[in-house]
Each structure stands twice: as C-alpha cells, then as structure tokens.
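Please read the structure below before turning to the comments.
Residue numbers start from 1 in every chain, and the chains themselves are labelled A, B, ... in the order their sequence lines are given, proteins ahead of strands.
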There are 2 protein chains.
Amino acid sequence: MDGTPSSPNFPCQSCEVRDTAICAALDDEELRQLNAIVTSVKLGPGATVFHEGDDSTYLFNVVSGSLRLSKLLPDGRRQITGFLFPGDFLGLSIAEVYAYSAEALVETTLCRFERGRLAKLLERFPKLEHRLLSLAGNELTQAQDHLMVLGRKTAAERVITLLLTLSKRIGVEQNGGWQADLPMGRPDLADYTGLTTETVSRTISLLRKKGLLDTNGMRRIHIPDIEKFSLHTGDY
Amino acid sequence: MDGTPSSPNFPCQSCEVRDTAICAALDDEELRQLNAIVTSVKLGPGATVFHEGDDSTYLFNVVSGSLRLSKLLPDGRRQITGFLFPGDFLGLSIAEVYAYSAEALVETTLCRFERGRLAKLLERFPKLEHRLLSLAGNELTQAQDHLMVLGRKTAAERVITLLLTLSKRIGVEQNGGWQADLPMGRPDLADYTGLTTETVSRTISLLRKKGLLDTNGMRRIHIPDIEKFSLHTGDY
DNA sequence: CGGAGTGTTGACGTCCGTCAAGTGGGGTGG
DNA sequence: CCACCCCACTTGACGGACGTCAACACTCCG
C-alpha cells in the first residue's frame, strides 16, 4: 500500500504475529533490522525443530501451528513441559545446548534467529531484551503452576486444568460454551499431565458422562459450562 | 580501608554475595547506585517474606540463609517450587502479584529492592537486565527439570535427585564423600518432591539400609559415594 | 532430665499404572 | 461412494506404588 522510499515493505511488517510476538516491542524501523536476521521455516506434523542436547544455534518465534516441548529420561519416560502456539517465543531457557526437544504438532511456520545475531540486536534494543525478560517471567509463572499440577493434583484435576488452559488459548466460544480443536493426541496429553494415555482417556470419558465435556471426533472438545468445569481444577 | 573522596565505601561493596548475585553485573560506580535503592532485611526461621497473591511491591536478593517458595491450593495441598540460597534472586516471575509465597527456613538476610526503582535502574543499566534474563533462563531450565521429576520419576528417584541437588548447592566434601546440613524438615522435602513425609522418610531409611546415604541427626546427610548415588536419579 | 515436636515404622487402602482386548473414526483404494 | 483396514482411542481386569491413619521412637531444647 504505502511504499515510500524511506520505508519499503518487508516481510516482518505483515507478519501474522507482528503485534503479539517479541516484535511488538519494536517500531517499524527497528523491526526492519530484526527482519534482516530472520529466516522463515516451515515444518510438517511430527517434524523436529531441535533435539534436547543439541547445540543451541537458533532461537525461534512461532508464527502459525503449534509445538510440543519435551524432555526424555534414558529409559524412555517422557515429560512434556509445554505447548507453544502462534506468538510464543522458543529459546528463553537455553544455555549452550537445548534443555528440551521441540517438535511440530501440526503444519507449523517458525521465524528463526541465529543466537549470536539476536544477542547483538538485544544489545542495540534494550526494550527487546526487556520484553524477553517479561516473557521469561510469564513462562516461569506458567511452569510453577504446572509444578503444582504435577506435584499435587489428582488425575481429574490435571486433565481439567490442561483442557481449560488449552481452551482459553486456542478455543472459541460456541453454543454458549467453549470449543477447541486440539492439535495433540492422547499420548501428548498424558505426557504433559504426568499420567498414562489410559488414565487420560478414562478421565475424559468420565467428564463426558458427567456432562462437563463433549467430544466430537477424538480431537474436538466442547465445554458446555466453563464455570462448572473450572470448579474441578482444584484451584477453587 | 580505602576511602578516597571519589569512592567512599558503601555497604554493597563488601556484600558477601557481591560477586555471585545480580550485583556481579555492575562495576563499583554502578553498584553505588544500586546500593542507593536497597534495604537490608533480616528474618527469623519460619518468617514470611510475602504471601502468594500479595501485591508485588518488592524484589529481593538472598544474602545469607535460605528460603522456601511455595504455592497452596484452597484445600491446603502445598507445592514447594524451589529453595533459595545466598546469591539467588527472588522476583523474576512476578507480575502485579506474587505467584507464590516465600518463607525463611532459617535465620536469613535479604537485600530488598522496590520494584519501580529497580525497573528504573534496569533501564539505565541494560547489562543488569541482561543478567536478569540470563538468571531467568537458568530458573526456567531448573523448573523444567523439576517438572520431569514430578511428572515422571519414582519416589526414590525424586528424593535422590533432590538430595543430590541440595548437596551440590550447600554441601561440602567430607570423609571422601559429600555432606550437607539441610535447612528444611521432612514436610518440606515432601512438598518439594510431591510426596508425603512418610514416603520421604521411608525412602531415606531405605537409602540408608542400602549404604547409599548416612544421616546424623535428622538434618545432616552424608553421601559416601556420589557416583553410585547419582546412578539412581533416573537421569543415567 | 523430661517433654514436646519431628521423624520413623507398620498395617492397610486407594488411585493410577499395566497389560490386554475391544471399538470406532478417517483415509484409501476399489 | 462405499467398504475395508489401520491406527488411535477406549474399556476392562488386575496389580503395585504410594497415600492414609495410627502407634512408636528419637532429637533437640529447655
């Protein structure tokens, strides 16, 4: 539309997450400099972004799709530490190597930064670093909530808490309730909640019987009454 | 000792954690400005620094002693999200209100910052903010490890992982092994590991029987062989 | 030395994990 | 367009790890 010589258009400007991702901290001119160091990456379902233990060369922003972050014990036990959605930043907790693996749940687009180059940009734009610190604070709070879930909540409370969180993040209002299409299967729900797929399945069946939850297919959920549903998280 | 007019001594300079806490990011002149906004706070065992849900007016640095960070569910279930020791920063994950309670385990000295004034200093010294971001990254990594413990490890693995972490942080080499005086009791070990005091106690007894651990009194532990002990964390 | 509080041990129950057999939805090919 | 098949999910029966409840023992402190 408006391509003046001093401000020609560039990809980051029209990015879908321009106003929600870390980019929101920057004005157009600064964004241009960020644009100069990014690469767009597209991944299919199940594709690996990086593995736990790899050298942490890159950091990422989720543009579209969703990711799962997970850690493995040598004997195969897995813990999912988080799910990422558009606008989320990936790489806040990294040292020299990644502390977890990141995999795409569905077709996903990422925006990739080389670590060193982003670091230089952080020096130039303190407000970008300020935003990262604020994001890190949010993630820490989330992680602490998750610790409470895993350490002290029952199976039902864990599943309800997760479904509620996911609904708030990726759901839409529908039929006087709340509906969401989950990008992950039962094994992922299980490894996030510290349960088994069987227990997750049984719990969801129970919630359905109690009328707290509807399902349509295996991945579409519908919560008829959020208030009533929330009463079972253990948080109230 | 050396009180030149341009550089008179001030408390922060001789602080015990001058080189390990966030202060390590600052030179003497900058430290003076930090010094200008801090208050020293002393707490007895069991004293509360702040409660979950309180307005987050202050941030802190641990100078000496130790703290426990915990969250409560309405029915009284408690999860301890971390223990803090000298040099640790308290307040990385805070929004407008504290997301957890902080209590002193033993006699503890804190260095207190008003949130707004520290924020101003962060603007002036980007490297201070940089250091906070790096600390936040470490805390996130720790939290993720803790998630794996709570979600997927057995009772024995949880206790061993915790004792090992504590020994590395507050222990000393002794008798060809590693020894530590724990500042917290069984209930705290239990609420950190997501177990009950009984299970923690039984597990410790079992470790003693197996020769993996000695105890002297209720709070002094001694690990004769760290290598052998580590084999039971689940991480190898 | 004594008492109170913390930790330990024992008996038993329960929630969730394990193992195994269905069931159903969705995609493919006829 | 329908049938089939595969895979993911569901359901059931059973077992085990950890929680609960209660009695006992030890430590620490006055």
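By the 30° and 60° cut-offs, the orientation of the rings of Tyr98(B) relative to Phe50(B) is parallel.
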| query | Tell me, for nucleotides 21-28 of chain D in 5' to 3' order, what letter each nucleotide earns: B for a base near a protein heavy atom under 4.0 Å, S for only sugar-phosphate near one, - for neither? | reply | B-----SS
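For the contact set between residues 146-160 of chain B and DNA chain D, defined by any heavy atom under 4.0 Å, the members are Thr154(B), Ala155(B). Contacts with DNA chain D (heavy atom under 4.0 Å) in residues 185-197 of chain A: Gly185(A), Arg186(A), Pro187(A), listed by number.
Here Arg220(B) lies out of heavy-atom contact (under 4.0 Å) with every strand. Ser205(A) comes within contact range of the sugar-phosphate backbone alone, with a heavy-atom separation under 4.0 Å but no base atom that close.
Straight-line distance from the CE atom of Met184(A) to the P atom of dA8(D): 16 Å, rounded to whole Å.
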Determine all donor-acceptor pairs shorter than 3.5 Å in which one atom belongs to a side chain in residues 134-142 of chain B; sequence neighbours excluded.
from      : atom 1 : to        : atom 2 : distance (Å)
Thr141(B) : OG1    : Ser93(A)  : O      : 2.8
Thr141(B) : OG1    : Gly137(B) : O      : 3.1

Distance-only donor-acceptor pairs under 3.5 Å for side chains of residues 210-219 of chain A, two or more places apart:
from      : atom 1 : to        : atom 2 : distance (Å)
Asp214(A) : OD2    : His222(A) : ND1    : 3.1
Thr215(A) : OG1    : Arg208(A) : NE     : 3.1
Arg219(A) : NH1    : Pro183(A) : O      : 3.2

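Within the 4.5 Å cutoff, the side chain of Ile204(A) has heavy atoms near those of the Arg186(A) side chain. At least one side-chain heavy atom of Phe83(B) sits less than 4.5 Å from a side-chain heavy atom of Met184(B).
Classification of Arg78(B) and Glu52(B) as a salt-bridged pair fails, no side-chain N sitting under 4.0 Å from a carboxylate O. A salt bridge links Arg169(B) with Asp88(B): the closest approach of a Lys/Arg side-chain nitrogen to an acidic carboxylate oxygen falls below 4.0 angstrom.
One N or O on the side chain of Trp178(B) and one on the backbone of Ser167(B) form a donor-acceptor pair closer than 3.5 Å. Under the 3.5 Å distance criterion, the side-chain polar atoms of Glu107(B) are left unmatched by any main-chain donor or acceptor of Pro45(B). Looking at Asp188(B), its side chain never comes within 3.5 Å of a backbone N or O of Ala190(B) through a donor-acceptor pair.
Counting 5' to 3', DNA chain C first comes under 4.0 angstrom of a heavy atom of chain B and last does so at the ends given by dG7(C) to dA11(C).
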| Full working for side chain to side chain donor-acceptor pair (under 3.5 Å) between Thr233(A) and Ser230(A) | CA-CA 6 Å; Thr233(A) 55; Ser230(A) 304; over 6 Å; no
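Lys153(A) and Thr161(A) form a side-chain donor-acceptor contact under 3.5 Å, judged by distance and modelled atom types alone. For the 3.5 Å distance criterion, the side chains of Thr109(B) and Ser64(B) qualify, holding a donor opposite an acceptor.
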